Amino acid sequence: MLPADEFEREALPFRAGFLAGKAFQRYRRDSGEKRSPMPDFYIGAHAAVAGYQLLTCDAVRYRGYFPTVKLIAPMP
């Protein structure tokens with residue numbers, strides 16, 4: 001929905017991929033049913049290693065798996 005010149009797409013850093021895998025491993029250990037990592041894990045991990053803020057409507061999930069990420073979340 002945004003014009004391409006208004007955002008920059010970054011490659012996923014190796015450290016973020018590793019962190020996403022660890023978060024997904026915890027999710028599975030906590031009885032998560034998905035079999036492959038969900039995009040939220042890649043997004044949260046990338047924000048964590050890059051020091052980005054994250055705009056989300058799913059603050060509970062991100063806080064649980066990526067507590068160092070500063071979240072911008074609308075109030076319910």
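Just so we're clear, the structure is a prediction, and the values are computed from it rather than from any experiment.
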Is Y42 reachable from M38 through a run of I, L, V, M, F, W or Y residues, each pair having side-chain heavy atoms under 4.5 Å apart?
no

Residues T68 and A48: closest non-hydrogen pair is OG1-CB, 4.1 Å

* Answer with yes or no whether the side chains of E33 and Y27 bring together a donor and an acceptor at under 3.5 Å. => no

Q. Parallel under 30°, tilted from 30 to 60°, perpendicular over 60°: which one fits the rings of F24 and F41?
A. perpendicular

Verdict with supporting geometry, I43 and Y62, side-chain contact (heavy atoms from CB on, under 4.5 Å): CA-CA 9 Å; I43 293 166; Y62 283 107; 3.8 Å; yes

Rounding to 0.5 Å, atoms CG (D40) and NZ (K34) come to a distance of 10.0 Å

(Q) Using the rule given for side-chain contact (heavy atoms from CB on, under 4.5 Å), can you reason through Q53 versus V69, listing the C-alpha separation, both sets of side-chain angles and the distance that settles it, and then say yes or no? (A) CA-CA 6 Å; Q53 295 180 34; V69 175; over 6 Å; no

For A45 and A20 the tightest heavy-atom approach is CB-N, 3.6 Å

task = Let me see the working for E10 and Y52 under side-chain contact (heavy atoms from CB on, under 4.5 Å), right down to the final yes or no.
result = CA-CA 12 Å; E10 296 181 5; Y52 295 149; 2.6 Å; yes

CG (D30) and CD (Q25) are apart, to the nearest 0.5 Å, by 10.5 Å

Can you tell if the side chain of L19 reaches within under 4.5 Å of the side chain of F66, non-hydrogen atoms only? yes

Within a reach of under 6.0 Å around CZ of R28, are more than 12 heavy atoms found that belong to other residues, nucleotides or ligands? yes

When every non-hydrogen atom of A11 is compared with those of H46, the smallest separation belongs to O-CE1, 3.5 Å

Rounded to the nearest 0.5 Å, the CD1 atom of I72 sits from the OG1 atom of T56 at a distance of 10.5 Å

